[in-house]
Amino acid sequence: MELPASLPRRLYLLAYDPRRRRLSGRSQLGYLLRAAALTDLLLRGLVADDRGKVVVGRPADPLDDPVLGAVLRQVAESRPRSWSHWVRSGQRAMRLAVREQLEADGWIRVEPRRVLGVFPVSRVTVQDTRVLEDLAAIVARTLGAGLPAARVDPSDAALVALAAAGELPPAISRRQRREHRQRIARLSERAGPAVPALRRVIQQLRASAAS
């Protein structure tokens, strides 16, 4: 099965828990998707790191992915800012944009409903669960020690590093994060600065919530 091309779309799908039939990690999902978009642009050479700041990389033709294109325009139209700034910026709009993209392409179904007959929410359902199986296989293969981290496909390395940093239990359980800590660290080095930025943002959110 052909998978969605971008990292944000793949990670949104990895956030879906097929047993509970709902998205997990909703509180940090938008930040994870922002980090995924930045990492995707980094892997394409469209943004780069300049002393801890995100800057526009090489000139590029218009992107065929509107979500990635929107993030690239934000970076291009701003002064250089930290990776953490861009992970935090526009996370709610990012979650909605990726969801709409997946729905338009037929990967998911979104059904509005109300909790207790009052509070509006949306139920997300993955249309074909084979995509979840294929993504899970990529995660399992990448976490395994069969291939040195330096030889793993950069996109697969980033997928696993981001899923671990974003703490997505359907993709990588807490126990797996502990057991494969060194492997994940090596994959994170390949994924770039958005991964540690995502970790910092999530830690700050938790510290703020606990205070």
In Å and rounded to the nearest 0.5 Å, what is the CD to CD distance from Glu103 to Glu100? 7.5 Å
Apply salt bridge (Lys or Arg N to Asp or Glu O under 4.0 Å) to Arg175 and list each qualifying residue two or more places apart in sequence or on a separate chain. Glu179
Using 0.5 Å steps for rounding, measure from the OG atom of Ser155 to the CG atom of Leu43. 6.5 Å
How far apart are the C-alpha atoms of Ser82 and Val54, what are their side-chain angles, what is the distance that settles it, and do they pass the side chain to side chain contact (heavy atoms under 4.5 Å, CB included) test? CA-CA 6 Å; Ser82 71; Val54 186; over 6 Å; no
Shortest non-hydrogen contact from Ala48 to Leu42? CA-CD1, 4.0 Å
To check you understand the geometry: which heavy-atom pair defines the closest contact between Tyr16 and Arg21, and what is its length? OH-CA, 3.3 Å
Do the side chains of Val98 and Leu3 join up, straight or via other hydrophobic residues, at under 4.5 Å, putting them in one cluster? yes
Flag if over 12 foreign heavy atoms under 6.0 Å of CD, Gln182: no
In short, Thr39 meets Ala158 closest at the heavy-atom pair CG2-CB, 3.7 Å
Do Gln204 and Arg88 make a side-chain contact, defined as non-hydrogen atoms from C-beta onward lying under 4.5 Å apart? yes
Any non-hydrogen side-chain atom of Val56 less than 4.5 Å from a side-chain atom of Val47? no
What heavy-atom pair brings Leu13 and Leu132 nearest, and what distance separates the two atoms? O-CD2, 3.4 Å
Answer with yes or no whether the hydrophobic clustering places Leu96 together with Leu23; edges join I, L, V, M, F, W, Y residues whose side-chain heavy atoms lie under 4.5 Å apart. no
Of the non-hydrogen atoms in Ala191 and Val195, which two are nearest, and what is the gap between them? CB-CG2, 3.6 Å
Are the side chains of Ser122 and Glu111 in touch, meaning some heavy atoms are under 4.5 Å apart? no
CZ (Arg10) and CG (Asp134) are apart, to the nearest 0.5 Å, by 9.5 Å
After noting the C-alpha distance and the side-chain angles of Leu187 and Thr142, does the key distance pass the side chain to side chain contact (heavy atoms under 4.5 Å, CB included) rule? CA-CA 9 Å; Leu187 295 171; Thr142 304; 3.8 Å; yes
Flag yes if Val110 and Leu102 sit in one hydrophobic cluster, no otherwise; membership is Ile, Leu, Val, Met, Phe, Trp, Tyr, and two members link when side-chain heavy atoms are under 4.5 Å apart. yes
Test log, rule side chain to side chain donor-acceptor pair (under 3.5 Å), inputs Ser89 and Arg81: CA-CA 11 Å; Ser89 179; Arg81 295 179 180 271; over 6 Å; no
Rounded distance (nearest 0.5 Å) linking atom CG of Leu11 with atom CG of Leu159: 5.0 Å
Count I, L, V, M, F, W, Y as connected when their side-chain heavy atoms are under 4.5 Å apart, and connections chain through other members. Are Leu162 and Ile138 then in the same cluster? yes
Are Arg199 and Ser188 close enough that a side-chain donor and a side-chain acceptor fall under 3.5 Å? yes
Between Leu14 and Ile172, is any pair of side-chain heavy atoms under 4.5 Å apart? no
Partners passing salt bridge (Lys or Arg N to Asp or Glu O under 4.0 Å) against Arg206 (at least two apart in sequence or in another chain): Glu167
Does a side chain donor of either Asp128 or Trp107 reach within less than 3.5 Å of an acceptor in the other side chain? no
Set out, in order, the CA-CA distance, both residues' side-chain angles and the distance that settles side chain to side chain contact (heavy atoms under 4.5 Å, CB included) for Leu29 and Leu32, then state yes or no. CA-CA 5 Å; Leu29 182 57; Leu32 169 59; 4.2 Å; yes
Starting from the C-alpha separation in whole Å, work towards a yes-or-no answer on side chain to side chain donor-acceptor pair (under 3.5 Å) for Gln127 and Arg109. CA-CA 6 Å; Gln127 297 281 58; Arg109 182 174 68 254; 2.8 Å; yes
Quick one: does Val201's side chain get under 4.5 Å of Arg34's, heavy atoms only? no
Taking side chain as C-beta onward, heavy atoms only, is Arg141 less than 4.5 Å from Asp153? no
At what distance, to the nearest 0.5 angstrom, does CG of Leu72 lie from CG of Leu68? 8.5 Å
Which atoms form the tightest heavy-atom contact between Pro4 and Val131, and what is the distance? CD-CG2, 4.2 Å
Determine, stepwise, if the pair Arg123 / Arg22 fulfils side chain to side chain contact (heavy atoms under 4.5 Å, CB included). CA-CA 7 Å; Arg123 183 194 299 275; Arg22 62 178 178 84; over 6 Å; no
Do the side chain of Arg177 and the main chain of Ile184 share a donor and acceptor less than 3.5 angstrom apart? no
For the pair Arg44 and Asp40, find out whether any cationic side-chain nitrogen is under 4.0 Å from an anionic carboxylate oxygen. yes
Heavy-atom side-chain proximity of Asp105 to Arg9 below 4.5 angstrom: yes
Arg200 side, atom CZ; Tyr31 side, atom OH - distance, nearest 0.5 Å: 15.0 Å
Any Leu63 side-chain heavy atom under 4.5 Å of Leu41 side chain: yes
